[in-house]
Visitor: 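Okay, handing you the structure first.
Just so we're on the same page: letters track the sequence lines, and every chain starts at 1.
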Amino acid sequence: MIDLNLLRENPDAIKASQRARGASEEIVDEAIAAEVNRRAKLAEFESLRAEQNAHSKTVATAPKEEKAALVAAAQVLAANVKAAAAAATDASEALDKILWQIENVVCEGVPAGGEDDFDVLREVGTKPNFGFTLKDHTELGLDLDILDLERGVKVSGSRFYFLKGMGARLEIAMMSLALDQAAEAGFTALITPTLVRPEVMAGTGFLGQHADEIYYLPADDLYLTGTSEVALAGYHRDEIVDLTDGPLRYAGWSTCYRREAGSAGRDTKGILRVHQFNKLEMFSYVEPEQAEAEHEKLLAWQELMLQKCELPYRVIHTAAGDLGSSAARKYDIEAWVPSQETYRELTSTSNCTTFQARRLNMRYRKEDGKTATLATLNGTLATTRWLVAILENHQQPDGSVRIPEALRPYLGGTEFIKPKVKA
RNA sequence: GGAAGCGUGCCGGAGCGGCCGAACGGAACAGUCUUGAAAACUGUCGUAGUUAAUAGCUACCGUGGGUUCAAAUCCCACCGCUUCCUCCA
């Protein structure tokens with residue numbers, strides 16, 4: 001949710017953000033009108049209520065014979081209060097309805113425009129130059145017997161898969177490497193719930209435009225999360241946390257579920273776009289003034305992890321129109337996928353400023369003892385999709401795949417995943 | 001799934017229609033005392049809205065409704081917790 005003070009004091013800043021996102025500017029004026037109305041209705045209710053409270057006290061202390069008359073007068077007051085309370089509630093709900101539609105105010109320097117209007121910040125690493133006919137990750141997975149797509153479909157339908165043998169072990173090795181790196185950087189590991197209540201799902205900003213991307217269990221009124229970010233953001237819901245020792249950092253591991261409703265026909269081959277995968281997510285709770293600096297740190301940790309996996313990549317600065325509703329700035333890291341001769345997104349890190357925290361009612365105590373809304377940030381540290389880039393970039397002429405050195409300790413020192421020799 | 005009990009401030013714990021935003025105790029913070037600390041004593045000590053205001057007013061005692069002039073207190077529903085039974089990885 002956007003800041004009401006900002007709405008009152010500088011609505012043009014919000015309008016500029018809406019413009020950059022390609023979203024409605026009129027809604028800002030609607031919000032202002034609704035906010036003025038809410039305050040007026042609330043003031044009316046409160047003064048009537050005060051009158052009633054005062055009157056009630058005289059009823060309590062009045063002698064018996066005067067009570068009947070006083071109660072009769074009080075009944076009129078009570079009716080007025082009830083009407084005023086209803087009007088105040090309506091006005092408040094009307095405001096909320098508008099406020100929840102306005103997406104986070106984008107940070108300065110975020111490129112305007114849509115999906116294709118990102119800035120490339122840098123390209124890192126060397127793209128492999130194969131002297132042989134390369135295979136895509138699907139072929140490699142099949143030939144190495146580490147990925148079983150057919151049986152995934154048989155058991156669960158399209159976009160499901162089995163990771164098998166060294167494939168399964170490689171993913172767990174990667175997650176362990178990532179988790180160790182996170183722990184070293186001061187993150188607390190969390191294995192999170194993947195079913196969450198509607199309030200939490202809404203609070204994190206996932207029930208807006210893309211609600212149909214999310215699995216929902218009507219019998220239990222619970223949502224399956226597409227990222228542990230949801231549970232990690234909900235973790236401190238309705239709390240006033242202590243940030244005097246620095247940011248609270250969590251590394252959440254979970255399985256993630258996505259319906260991929262709007263992407264029929266896209267990336268149908270392999271495990272690039274699937275309904276279920278695993279992810280290690282970094283999540284930070286920080287003072288708002290530190291959010292931009294924390295964002296750069298998250299990005300640096302992501303790059304470090306990509307480098308440990310020896311993957312060529314580029315960092316892009318996402319345009320305003322392609323930001324999630326909660327994000328004020330977002331960087332994606334895309335790894336080179338040789339079979340597609342293009343970069344594909346492996347990580348994403350968003351600075352959500354105070355937007356999620358305001359929705360989820362999360363504050364911190366400042367030095368002067370006052371409370372203030374905190375800022376949240378998130379960033380991917382490893383996901384199943386990384387296997388695509390690892391397999392393809394490190395394939396060898398003999399069909400084997402070289403395991404990056406940093407991963408080897410987690411695989412008993414194994415240096416190559418080799419095709420099975422047929423008898 | 002069945003039965004009973006319970007949900008109050010940072011924690012413990014009273015209150016069970018008006019005098020309750022809430023006794024009392026602990027923790028925490030500030031001060032007095034002390035060379036310093038402890039102890040003792042004194043004070044502060046929930047969150048939010050409204051407002052120029054740390055004045056006043058309003059809201060909040062699991063959540064949402066209801067009864068009443070008036071609800072932490074009565075009624076209903078829901079959620080959660082505990083114990084017992086049943087079941088189960």
Visitor: Starting the side chain at C-beta, find the nucleotide from B:U47, B:U58, B:C69 nearest to A:Phe45.
Guide: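 So the nucleotide nearest the side chain must be B:U58.
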
Visitor: For atom C1', what is the distance between B:C81 and B:C75, given to the nearest Å?
Guide: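 Pairwise C1' distance, B:C81 against B:C75, rounds to 23 Å.
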
Visitor: Measure from CG on A:Leu99 to P on B:G49 and round the result to the nearest Å.
Guide: 14 Å

Visitor: Name the residue closer to the 5' end of RNA chain B, choosing between A:Ala54 and A:Glu35 according to the nucleotide with the nearest heavy atom.
Guide: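 The residue whose closest nucleotide sits nearer the 5' end is A:Glu35.
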
Visitor: Looking only at side-chain atoms of A:Ser56, point me to the closest of B:G49, B:U58, B:G18.
Guide: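 Output: B:G18.
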
Visitor: Base, sugar-phosphate, or nothing for A:Lys82, non-hydrogen atoms under 4.0 angstrom?
Guide: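 Sugar-phosphate, no base atom in range.
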
Visitor: How many Å lie between CZ on A:Arg237 and C1' on B:C79, as a whole number?
Guide: 12 Å

Visitor: Step by step, would you call A:His317 with A:Tyr331 a ring pair (Phe, Tyr, Trp, His ring centres under 6.0 Å)?
Guide: CA-CA 5 Å; A:His317 192 185; A:Tyr331 301 118; 5.1 Å; yes

Visitor: Sticking with atom P, work out how far B:G26 lies from B:G21, rounded to a whole angstrom.
Guide: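 Roughly 25 Å separates the two P atoms.
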
Visitor: Which part of the nucleic acid, if any, lies within contact of A:Ala78, taking any heavy atom under 4.0 Å across all strands shown: a base, the sugar-phosphate backbone alone, or nothing?
Guide: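 Sugar-phosphate contact only - A:Ala78 comes under 4.0 Å of backbone atoms but never of a base.
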
Visitor: What is the distance, to the nearest angstrom, from the NZ atom on A:Lys370 to the P atom on B:C45?
Guide: 15 Å

Visitor: Between B:U47 atom P and A:Tyr364 atom OH, what is the distance in whole Å?
Guide: 15 Å

Visitor: Between A:Thr204 (side chain only) and A:Val200 (backbone N and O only), is there a donor and an acceptor less than 3.5 Å apart?
Guide: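 Yes: the side chain of A:Thr204 pairs with the backbone of A:Val200.
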
Visitor: With a 4.0 Å cut-off, would you call A:Arg38 and A:Glu35 a salt bridge?
Guide: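 Yes, this pair counts.
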
Visitor: By the 4.0 Å heavy-atom rule, please label A:Arg8 as base, sugar-phosphate, or nothing.
Guide: sugar-phosphate

Visitor: Can A:Lys164 and A:Asp145 be counted as an ion pair, charged N to O under 4.0 angstrom?
Guide: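 Yes, charged N to carboxylate O under 4.0 Å.
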
Visitor: Rounded to whole Å, how long is the line connecting atom CD of A:Glu199 with atom C1' of B:C79?
Guide: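 Rounded to the whole Å, the gap is 10 Å.
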
Visitor: Between B:C60 and B:U34, how far apart are the two P atoms, rounded to whole Å?
Guide: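 Roughly 49 Å separates the two P atoms.
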
Visitor: Quickly work out the A:Asn361 CG to B:U47 C1' distance and round it to whole Å.
Guide: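 It is 9 Å, rounded to the nearest whole Å.
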
Visitor: A:Arg365 has a side chain; which of B:U58, B:U47, B:G18 sits nearest to it?
Guide: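 Closest of the options to the side chain of A:Arg365: B:U47.
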
Visitor: Show me the dot-bracket string of RNA chain B, counting Watson-Crick or G-U pairs under 3.5 Å, with | for pairs to another strand and [ ] for crossing ones.
Guide: ((((((((.[[[..)..(.....]]].(((((.......))))).(((((.....))))).[[[[[..)....]]]]])))))))....

Visitor: Distance check, C1' atoms only: B:G65 and B:A14, in whole angstrom units.
Guide: 28 Å

Visitor: Distance between the C1' atoms of B:U58 and B:A3, in whole angstroms?
Guide: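 These two C1' atoms come out 43 Å apart once rounded.
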
Visitor: Which listed nucleotide (B:U51, B:G49, B:C57) is nearest to the side chain of A:Leu42?
Guide: B:G49

Visitor: Picking from B:U47, B:A59, B:U50, which would you name as closest to the side chain of A:Asn53?
Guide: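 Comparing B:U47, B:A59, B:U50 against the side chain of A:Asn53, the answer is B:A59.
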
Visitor: Round to the nearest Å and state the distance from A:Leu77 atom CG to B:A70 atom P.
Guide: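 Going from A:Leu77 (CG) to B:A70 (P), I get 10 Å.
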
Visitor: Rounded to whole angstroms, how far apart are NZ on A:Lys57 and C1' on B:U58?
Guide: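 Result: 12 Å.
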
Visitor: Heavy atoms under 4.0 Å, any strand shown: does A:Ser47 hit a base, just sugar-phosphate, or nothing?
Guide: nothing

Visitor: Under 4.0 Å from OP1 or OP2 of B:A48: is there any side-chain N or O of A:Arg363 that close?
Guide: yes

Visitor: Between A:Tyr216 and A:Tyr223, how do the two ring planes meet: parallel, tilted or perpendicular, split at 30° and 60°?
Guide: tilted

Visitor: Suppose you measure atom C1' in B:A40 against the same atom in B:A48; what distance do you get, rounded to whole Å?
Guide: 38 Å

Visitor: Determine the Euclidean distance between corresponding C1' atoms of B:A23 and B:C16; express it in Å to zero decimal places.
Guide: 14 Å

Visitor: In terms of the angle between their ring planes, are A:Phe160 and A:His275 parallel, tilted or perpendicular, with boundaries placed at 30° and 60°?
Guide: tilted

Visitor: Taking only the C1' atom of each, what is the distance from B:A72 to B:U86 in whole angstrom?
Guide: 36 Å

Visitor: Which nucleotide, B:U47, B:A70, B:G49, lies nearest any side-chain atom of A:Gln52?
Guide: B:A70

Visitor: Is a donor on one side and an acceptor on the other found under 3.5 Å between the side chain of A:His394 and the backbone of A:Cys309?
Guide: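 Judged by distance alone, yes, a pair lies under 3.5 Å.
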
Visitor: Does the pair A:Glu345/A:Arg385 count as a salt bridge with the N-to-O cut at 4.0 Å?
Guide: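 Looking at A:Glu345 and A:Arg385, the cut-off is not met.
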
Visitor: What nucleotide, of B:U58, B:C69, B:U47, holds the atom closest to the side chain of A:Arg49?
Guide: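 Between B:U58, B:C69, B:U47, the one nearest the side chain of A:Arg49 would be B:U58.
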
Visitor: For the side chain of A:Arg197, counting heavy atoms from C-beta on, which of B:G49, B:U47, B:C79 is nearest?
Guide: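 Nearest to the side-chain atoms of A:Arg197, counting from C-beta on, is B:C79.
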
Visitor: When you check the gap from the basic side-chain N to the acidic O, do A:Arg273 and A:Glu260 get nearer than 4.0 Å?
Guide: yes

Visitor: Return the 5'-most residue of the pair A:Glu51, A:Ala372 with respect to RNA chain B, ranking by each residue's nearest nucleotide.
Guide: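 Result: A:Ala372.
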
Visitor: With the side chain of A:Ala74 defined as its heavy atoms from C-beta on, choose the nearest nucleotide among B:A48, B:C79, B:C69.
Guide: B:C69

Visitor: Which one, B:U47, B:G80, B:C69, comes nearest to the side chain of A:Gln75?
Guide: B:C69

Visitor: Got a donor-acceptor contact below 3.5 angstrom from the A:Glu103 side chain to the A:Gln101 backbone?
Guide: no

